[in-house]
2 protein chains.
Amino acid sequence: MKSQESNSLVEMNEQCKSVAAILKAISHPQRLMLLCHLAEGEKSVGELEGLCGGSQSSISQFLKLMKLENLLVSEKRGLYVYYRIHDSKIKKLVFSLHKIFCR
Amino acid sequence: MKSQESNSLVEMNEQCKSVAAILKAISHPQRLMLLCHLAEGEKSVGELEGLCGGSQSSISQFLKLMKLENLLVSEKRGLYVYYRIHDSKIKKLVFSLHKIFCR
DNA sequence: TAAGTATATTATTATAATATAATATGAAAA
DNA sequence: TTTTCATATTATATTATAATAATATACTTA
């Protein structure tokens, strides 16, 4: 009984760690904005720049960060680099956020 | 047409700011853990300490931070201080996170 | 191959978050 | 009233994040 409770606390701890890391990657106004636009589908860096504002450098750095955290993947086609959301869970999260906070 | 688009981008920007602030307040393993336990109902600081681990000081500071961000409210009754989630949106968010990432 | 365009990287500085230890408050019990 | 217990506050050192400017890469087109 006791050990089961304490196991699930340990497990909960692990899950909180990994979910908090994801939230941390999202919890910046511009990164959230980027994700919101990407939730509608793949976009190039230039398009995102136009939609989200901010300097070229910061956009690129934010995208890189989210890629490192496995929220995004990118693909170079010709002169452009296209980013998209990697994991359907992230897409679900963005939609949940929208549902909860934007209506 | 154009002005409407740009209005909604401005609005989106505002929303991203405020949602990102909430996410930022949540995006730490221990703060998320605290919130998860509080999602089940009001708890005293001591109970949370037992459930979440960490030093007394850090727990108290994290709770204060989340209170400042209006995620929590507290009430002193006798010797104990009880915290609970202030806003049903936050409760919804915690449940969504659980649904998306913990099954 | 030279020039232009899109994106990435690096360096730097400023600011913010974290962990920790030490101390303070304030209610309750002895 | 002194002591104890629960919680809060303050101070501080360390580390992480953010913003910005400058430069680099690498693909494409002239």
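Because the structure is predicted, anything quoted here is derived from the model rather than measured. A note on names: the letters A, B, ... follow the listed sequences, proteins ahead of strands, and every chain is numbered from 1.
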*Start with the C-alpha gap between B:Glu69 and B:Lys24, add the side-chain angles, then the distance that decides, and say whether salt bridge (Lys or Arg N to Asp or Glu O under 4.0 Å) holds.*
CA-CA 10 Å; B:Glu69 291 295 333; B:Lys24 189 176 166 193; over 6 Å; no
*Considering only heavy atoms, which members of residues 60-74 of chain A lie under 4.0 Å from some atom of DNA chain D?*
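Of all residues in residues 60-74 of chain A, the ones placing a heavy atom under 4.0 Å from DNA chain D are A:Gln61, A:Phe62.
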*Could you identify which residues of residues 16-53 of chain A place a heavy atom less than 4.0 Å from some atom of DNA chain D, listed by residue number, or say none?*
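Contacting residues: A:Lys24, A:His28, A:Arg31.
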If you define the side chain from C-beta out and look only at heavy atoms, does anything of [X] sit under 4.5 Å from [Y]?
| X | Y | answer |
| --- | --- | --- |
| A:Leu48 | A:Gln30 | no |
| A:Leu93 | A:Ile26 | yes |
| A:Ile90 | A:Leu72 | no |
| B:Gln15 | A:Phe101 | no |
| B:Arg103 | B:His98 | yes |

*Provide, to the nearest angstrom, the distance between the OH atom belonging to B:Tyr80 and the C1' atom belonging to C:dA28.*
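These atoms are roughly 10 Å apart.
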*Quick one, give me the B/S/- string for nucleotides 22-30 of chain D, reading 5' to 3', where B means a protein heavy atom under 4.0 Å from the base and S means that only happens at the primed atoms, P, OP1 or OP2.*
-----BS--
*Classify the nucleic acid contact of B:Tyr83 as base, sugar-phosphate or nothing, counting any heavy atom under 4.0 Å across all strands shown.*
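Sugar-phosphate, no base atom in range.
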*Would you please say whether a donor-acceptor pair under 3.5 Å links the side chains of B:Ser60 and B:Gln56?*
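Absent: no donor and acceptor within the cut-off.
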_To check you understand the geometry: which heavy-atom pair defines the closest contact between B:Lys76 and B:Leu79, and what is its length?_
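So the minimum-distance heavy-atom pair works out to CE-O, 4.5 Å.
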_N/O donor-acceptor pair under 3.5 Å between B:Glu47 side chain and B:Glu42 backbone_ =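 A pair under 3.5 Å: no.
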*Is atom NZ of A:Lys43 surrounded by more than 12 heavy atoms (other residues, nucleotides or ligands) closer than 6.0 Å?*
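Enclosed: over 12 neighbouring heavy atoms sit under 6.0 Å from NZ of A:Lys43.
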